[in-house]
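As a basis for the values below, the full set of heavy atoms in this structure was taken, side chains included, without hydrogen atoms, waters or symmetry mates. Within every chain, numbering begins at 1; the chains are lettered A, B, ... in the order of the sequence lines, protein sequences first and strands thereafter.
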Number of protein chains: 2
Amino acid sequence: MESDTDKTQAESAAAEIRTLILNGAFLPGQPLRQEALSDQLSISRTPLRHALQELAGEGLVEATGYKGARVAKPDQRMVDDLFDMRLLLEPLALQSAFGHHTKLDFAVAEMALDAAEAEREPAKLSKLNWDFHYALYRPSNRQTLLRTIEQLNKASALAEVIASSIVVRPEKSADEHRKLLQACRNEDEAGAIAILSEHLRLAYHDVRKGK
Amino acid sequence: MESDTDKTQAESAAAEIRTLILNGAFLPGQPLRQEALSDQLSISRTPLRHALQELAGEGLVEATGYKGARVAKPDQRMVDDLFDMRLLLEPLALQSAFGHHTKLDFAVAEMALDAAEAEREPAKLSKLNWDFHYALYRPSNRQTLLRTIEQLNKASALAEVIASSIVVRPEKSADEHRKLLQACRNEDEAGAIAILSEHLRLAYHDVRKGK
DNA sequence: GATTCCATGATTGTATCCAATATTGAGTTG
DNA sequence: CAACTCAATATTGGATACAATCATGGAATC
C-alpha cells in the first residue's frame with residue numbers, strides 16, 4: 001500500500017545508489033563491487049546487478065563485461081554534449097506543452113520550488129529540480145521526448161553535483177525558476193522559452209566553471 | 001578469439017532478440033515469456049532478463065514489474081517524438097564532425113551503402129543504415145551525443161520496419177545517402193546538413209504514411 | 001634487474017532453486 | 001445470469017550455488 005514498498009527491489013536499489021552517487025558517498029571513477037553493495041543494501045546480487053544496469057543506461061555508471069562497474073566521471077566533452085542536447089530538446093518540450101498547462105501543473109511546479117528552498121541534500125535538490133521542469137513539460141504529453149530529456153537531466157545531475165553548482169547557487173537558480181513559472185502562467189510562450197534557454201546556459205556555464 | 005564470442009551471453013541475447021523483433025518474428029505488443037525465450041536461445045533466464053532490460057532501455061521492449069515484457073508498439077506520438085529529436089540532434093552531430101572526416105570514414109560509409117544494396121533482411125538493413133550515418137557522425141568525437149542518437153535510431157528502426165519503409169524504398173534512401181556522402185566529401189557543410197535534414201523528413205513522412 | 005609465466009585469489013557472469021505476484025477459472029451467491 | 005470469491009496455476013523477481021574471467025604476485029629465465 002505504501003508508495004514505494006510495492007516497487008521491485010532492483011528499482012529501489014537503483015534509486016538508493018543514485019542518491020548515494022549524487023550525494024557524493026561514491027566518488028566518480030570509484031569501482032562499485034557487487035558483493036559489497038549487495039551487503040550494504042541487504043539484497044542479493046541479482047537485483048543489484050539489475051540496478052547497476054539501469055544506472056548504466058542512465059549514464060551514472062559505466063560498466064563493461066567482467067570488468068565491473070564504476071561511478072561515471074563526466075568530463076568536459078560529456079557536459080558539452082548533455083547541455084547542447086538539453087538546449088535543443090527542452091525548449092521543444094516546453095513549447096509543446098504551452099496551451100495545455102492546468103492550474104495543477106503550476107501548483108506542482110510551485111511546490112517543488114518551495115520544497116527546494118528548504119532542502120540542502122544534493123540528491124533531493126536534483127530531484128526537486130527535475131520535478132519542477134517536468135511539471136512544466138508534462139502537458140506536452142510527449143512521453144518519448146520527456147523520457148529522453150529525463151535521462152539527460154539525470155546524467156547532467158551528476159556533473160552539476162560534482163561542480164557543486166546545484167548547492168552553490170540555489171538562490172540564483174530559484175529566481176530563474178520563479179520567473180519561468182510566472183511566464184508560463186502569463187502564457188508568454190516566447191518569454192518562457194527565452195528564460196528556459198538562458199537558465200540552461202547559465203547552468204552550463206556554472207558547471208564548466210565549477211570544474 | 002572470434003569477434004563476438006567473447007561477448008557476454010546477455011549481450012549476444014539482446015542482439016539476437018533485437019534481430020528477431022526487427023525482422024518481424026516477434027510482432028509489436030506480443031508478450032515475451034522468459035522461459036520460452038531462454039529455451040529458444042539455449043540460455044538461462046538470468047542473462048535473458050538482462051537482455052530484456054537492455055532492450056527496454058532501447059525502447060524496443062516495454063517491461064513492467066511482475067507483469068512481464070512485451071514487444072513495444074510504436075504509436076504515432078512516439079514516432080513524432082523520435083523524428084523531432086533526430087532532426088535536432090543529427091544535424092548537430094554532422095556539423096560537429098565537419099573538418100574531422102578522414103578518407104577511412106568515407107570508405108566505411110561507402111562500404112555500408114554498397115552492402116545495403118545487396119541486403120534484404122530488415123534487421124541487417126537497419127544496422128547498415130546506422131553504420132552509414134555513424135561513419136559520418138563519428139569524427140565529431142562526441143560520444144555522449146552519438147550514444148543518444150544511436151538510441152533514437154534503434155527505437156525508430158522498429159517503427160520503420162513496421163511501416164516497411166526500410167524495405168519498400170531502399171533505392172530512394174540509397175540515392176539520398178549517396179548525395180549526402182558526396183556533399184561531405186566536397187566539404188559542403190551547409191549542403192550536407194540540408195540533405196540530411198531532408199532525408200530525415202522523407203523517412204519520417206514514409207513512416208507516417210506506412211501506418 | 002627486468003620480463004615472462006603460471007598459479008592463486010578476487011570478482012563477475014550464469015544456472016538453478018525458491019519466493020512473491022499476477023492470472024485464470026470453477027464454484028457460489030445475489 | 002452477472003458478479004464476486006478464492007483456490008490453483010502460470011509467470012516473474014530474488015537468493016544461492018557454480019563456472020568463467022580477470023587481477024595480483026611470486027618464481028623462473030634471460
Side-chain angles (χ1 to χ4, degrees), chain A residues 1-21 25-73, chain B residues 1-21 25-73:
Chain A
M1 290 307 171
E2 290 187 66
S3 53
D4 42 294
T5 306
D6 55 344
K7 291 169 86 172
T8 183
Q9 290 193 11
E11 295 174 15
S12 314
E16 284 193 49
I17 298 174
R18 197 178 316 151
T19 300
L20 289 172
I21 292 178
F26 297 138
L27 298 177
Q30 174 174 345
L32 300 173
R33 304 290 175 208
Q34 296 179 1
E35 193 170 347
L37 263 183
S38 60
D39 281 3
Q40 183 171 344
L41 301 180
S42 301
I43 58 176
S44 172
R45 272 181 48 212
T46 308
L48 175 78
R49 294 181 76 243
H50 225 65
L52 285 180
Q53 188 184 354
E54 179 170 333
L55 294 172
E58 293 176 10
L60 265 72
V61 160
E62 294 166 356
T64 46
Y66 280 109
K67 230 180 50 181
R70 338 176 67 84
V71 179
K73 57 172 154 188
Chain B
M1 296 305 171
E2 289 186 68
S3 52
D4 40 294
T5 306
D6 54 344
K7 291 168 84 172
T8 183
Q9 289 192 12
E11 296 174 13
S12 314
E16 284 192 48
I17 299 174
R18 195 179 315 150
T19 300
L20 288 172
I21 292 177
F26 297 137
L27 298 177
Q30 174 174 345
L32 299 173
R33 305 288 176 210
Q34 295 179 3
E35 192 170 347
L37 263 183
S38 59
D39 282 2
Q40 183 172 345
L41 300 181
S42 301
I43 59 177
S44 174
R45 270 181 50 211
T46 309
L48 176 77
R49 290 183 59 212
H50 223 66
L52 286 179
Q53 188 184 356
E54 179 170 335
L55 295 172
E58 293 176 9
L60 266 70
V61 159
E62 293 166 355
T64 45
Y66 279 110
K67 232 180 52 182
R70 337 176 68 85
V71 179
K73 55 172 155 188

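A/Leu48 places its CG atom 14 Å from the C1' atom of D/dG13, with the value rounded to the nearest Å. In this structure, A/Arg49 atom CZ and D/dG13 atom P are separated by 15 Å, rounded to whole Å.
When the side chain to side chain contact (heavy atoms under 4.5 Å, CB included) test is applied to B/Arg18, the partners found at least two apart in sequence or on another chain are B/Ala14, B/Leu22, B/Glu54, B/Leu55, B/Glu58, B/Leu60, B/Lys154. By the side chain to side chain contact (heavy atoms under 4.5 Å, CB included) test, B/Leu20 is found to be paired with B/Ala25, B/Phe26, B/Gln40, residues two or more places apart in sequence or in another chain being considered. Considering only residues two or more places apart in sequence or on other chains, A/Ala72 meets the side chain to side chain contact (heavy atoms under 4.5 Å, CB included) condition with A/Glu62, A/Leu158. With sequence neighbours excluded, the residues that form a side chain to side chain contact (heavy atoms under 4.5 Å, CB included) with A/Glu16 are A/Leu41.
Near DNA chain C, defined here as any heavy-atom distance below 4.0 Å, the residues from residues 62-69 of chain A are A/Gly65, A/Tyr66, A/Gly68, listed numerically. Less than 4.0 Å separates DNA chain D from at least one heavy atom of each of the following residues of residues 27-46 of chain B: B/Leu32, B/Arg33, B/Gln34, B/Arg45.
Looking at every heavy atom in both residues, A/Val61 comes nearest to A/Ala69 through CG1-CB, 3.8 Å. Contact between A/Lys73 and A/Gly29 at its shortest, heavy atoms only, is CB-N, 4.2 Å. Closest approach of A/Ala51 to A/Ala13, counting heavy atoms only: CB-CB, 3.9 Å.
Stem list for DNA chain C (at least 3 consecutive Watson-Crick or G-U pairs, distances under 3.5 Å): C:1-30 with D:1-30.
Here chain A contacts DNA chain C (any atom closer than 4.0 Å to a heavy atom, that is under 4.0 Å), and the contacts span C/dT11 to C/dT14 from 5' to 3'.
Between B/Leu32 and B/Val71, some side-chain heavy-atom pair lies under the 4.5 Å cut-off. A heavy-atom distance below 4.5 Å is found between the side chains of B/His50 and A/Arg49.
For residues 27-38 of chain A, the side-chain hydrogen bond (donor to acceptor under 3.5 Å, both in side chains) pairs, not counting sequence neighbours, are A/Gln34-A/Arg45.
Atom CG of A/Asp39 is separated from atom OG of A/Ser44 by 10.0 Å, given to the nearest 0.5 angstrom.
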